[in-house]
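Only a predicted model underlies this, so the values are computations on that prediction, with no experimental measurement involved.
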Amino acid sequence: MSAKNIANRLCNFIDKSPSPFHVVSHVSSLLRNAGFIEVGATEKCIAEPGKAYFTTKNSSAIIAYVVGKKYSTGDPIAMIGAHTDSPCLTIKPKSHRINSEYVQVGVSTYDHGIWHTWFDRDLTVSGRIITKEKSNGRLSQKLVHIQKPILRIPNICFHLQRDHNEQFSPNSEKHLVPIMATVNEKVSASANKNDPFGPQLSNELRENGKLESSEDILDFELFLTDSQPAAIGGIADEFVHAPRLDNLCSCFLSVEALIDLVQNDFNNFGICMAAFYDNEEVGSVSAQGAASLFTELILRELSGSNFSTAMRKSFLLSFDMAHAVHPNYKDNHEENHHPLFNKGPVLKFNAEQRYATTAVSGAIFRECAARENIPLQEFCVRNDARCGSSIGPVMAAKLGITTIDIGIPCLSMHSIRETVACQDLVYGIDLCKAFYTHYFDVIQRVDFN
């Protein structure tokens, strides 16, 4: 598959995944179409050789796995982990505001976004609403994604803040409140005290969710999202510019590799798994996060009494984004660790275990990559800077599983729009396939614990 083809598929994946709930819904659809069997929330996960399964949690986390035709209980599991959430603004429980004759929407910050990039963008709303049917009292979930740019956070003009370029530091409570309309004869300022949104947004949600009345909305989790689609850019069409590349890029590449196993008849022992979690950006401590029991319970069901044996032989590839060197800020990188575009995925190291990579996991992973001639790079943060983290250390500690942290090089991480190189997408999907294909042979040749 060409770099351009993979890039277009990634753009389509991102455009269909404006919220973690949409991510899981879209991935579930891809898996069903590939022949994966869905395991319900109250059903036990099983591992019949030659079959593929998936299960979800909170509609925002998903675990999918392919069972090798030669699998027996206690065999190793080759797992790729990523996350469905991204830094964003979320709509507050009571969001309707009127200020200086503007109708505004109250929002909360989710993680550490580069918030100045959210100013002067065409924003919209996506997420889920929980509804109650009047006829039978049944509670159900509906995904919503308003397709037009209904919100905007305007900048203060230069003439009213002359030091704008030197001192712009928005207060997240006062200055990140988007405008939706002005108050006039057609747009009323009044709001029902039981309506958290105000009449204008409530009506949009009612229409988007195909509801009889906005009063059917019992609760919600809604996010502001960029309405501009993902795009291929650069004069040579070598970049992808898109929102939420951190970490939908990793979700896309790993699910493509997992589906490829099914289509190419996974005739091996062991289980290949892809797990996408919510709330990584805020610490993973939730029922649908990597720090929960979600994964462990499934692994115990699959491995039975051989769980501890299976974990000692298993491997987690924590697949998040990596920091490509920035040509205008290259001094912010450690001088010997400058990950470049189009040069391959990045192994991430940190002496304080912000990343889970060790000499053992690095050696095993390098061997898998070498068998397919996939180039690798390294990243290590400067001593006078503090790097981010990932699900890697969380899951390594919780499961006692050998873990490595890797990522596709990315510019503008945590901006409203980020950038990756198309050729690195090719390397990324090939690396996921190499890991799933070769890990089970490599682990048999390891002479250390």
List in chain and number order the residues that pass side-chain contact (heavy atoms from CB on, under 4.5 Å) with [X], two or more places apart in sequence or in another chain; answer none if no residue qualifies.
| X | answer |
| --- | --- |
| V177 | R97, Q104 |
| A242 | I14, A230, V240, L245 |
| A47 | V67, Y71, I271, L302 |

Do [X] and [Y] have side-chain atoms, one donor and one acceptor, less than 3.5 Å apart?
| X | Y | result |
| --- | --- | --- |
| R128 | N58 | yes |
| T419 | S412 | no |
| S361 | T358 | yes |
| N247 | S250 | yes |
| S286 | Y277 | no |
| D320 | H83 | yes |
| D246 | S86 | no |

Sub-4.5 Å side-chain heavy-atom contact between [X] and [Y]:
| X | Y | answer |
| --- | --- | --- |
| L316 | I404 | no |
| L299 | L399 | yes |
| M311 | I77 | yes |
| T225 | S19 | no |
| F269 | P76 | yes |

* To do: Quick one: do F365 and Y439 satisfy ring pair (Phe, Tyr, Trp, His ring centres under 6.0 Å)? Show the steps, please.
  => CA-CA 8 Å; F365 194 72; Y439 173 72; 9.7 Å; no

Check this for me: does any side-chain nitrogen of one of [X] and [Y] sit under 4.0 Å from a carboxylate oxygen of the other?
| X | Y | result |
| --- | --- | --- |
| E204 | K148 | yes |
| R382 | E334 | no |
| D226 | R417 | yes |

A quick test of your reading: do over 12 heavy atoms of other residues, nucleotides or ligands sit less than 6.0 Å from [atom1] of [X]?
| X | atom1 | value |
| --- | --- | --- |
| K398 | NZ | yes |
| E352 | CD | no |
| K57 | NZ | no |
| N33 | CG | yes |
| K92 | NZ | yes |

Tell me the closest heavy-atom pair linking [X] and [Y], and the distance in Å.
| X | Y | value |
| --- | --- | --- |
| F341 | A324 | CE2-CB, 3.7 Å |
| P345 | P375 | CD-O, 3.4 Å |
| E280 | S389 | OE2-O, 3.5 Å |
| V442 | C368 | CG2-SG, 4.0 Å |

* Residue pairs involving residues 24-64 (criterion ring pair (Phe, Tyr, Trp, His ring centres under 6.0 Å); sequence neighbours excluded) ->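 Residue pairs with at least one partner in residues 24-64: F13-H26, Y53-Y65.
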
Under 3.5 Å, which donor-acceptor pairs link side chains of residues 423-435 to any protein atom two or more places apart or in another chain?
unit_1 : atom_1 : unit_2 : atom_2 : d
D424   : OD1    : N342   : N      : 3.3
D424   : OD1    : K343   : N      : 3.4
D424   : OD1    : G344   : N      : 3.0
D424   : OD2    : N342   : N      : 2.8

Pair [X] and [Y], ring centroids less than 6.0 Å apart:
| X | Y | value |
| --- | --- | --- |
| F379 | H323 | yes |
| F349 | Y355 | no |
| F220 | F197 | yes |

* Relative to each other, are the rings of H333 and H338 parallel, tilted or perpendicular (30° and 60° limits)? ->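 If you compare the ring of H333 with that of H338, the planes turn out perpendicular.
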
* To do: Show your working on side chain to side chain contact (heavy atoms under 4.5 Å, CB included) between I232 and F239 and close with a plain yes or no.
  => CA-CA 6 Å; I232 295 175; F239 305 129; over 6 Å; no

* State whether the side chain of N264 and the backbone N or O of D260 hold a donor-acceptor pair below 3.5 Å, judged by distance alone. =>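 Side chain of N264 to backbone of D260: a pair is present.
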
* Asked: Hey, does the side chain of T357 reach the backbone of G362 with a donor-acceptor pair shorter than 3.5 angstrom?
  -> no

Please list every donor-acceptor pair under 3.5 Å in which a side-chain atom of residues 107-115 meets a protein atom from a residue at least two apart or in another chain.
unit_1 : atom_1 : unit_2 : atom_2 : d
Y110   : OH     : D85    : OD2    : 2.7
Y110   : OH     : N279   : ND2    : 3.2

* Evaluate the criterion side chain to side chain contact (heavy atoms under 4.5 Å, CB included) for residue pair T295 and I63; output intermediate values, then yes/no. => CA-CA 8 Å; T295 308; I63 292 179; 3.9 Å; yes

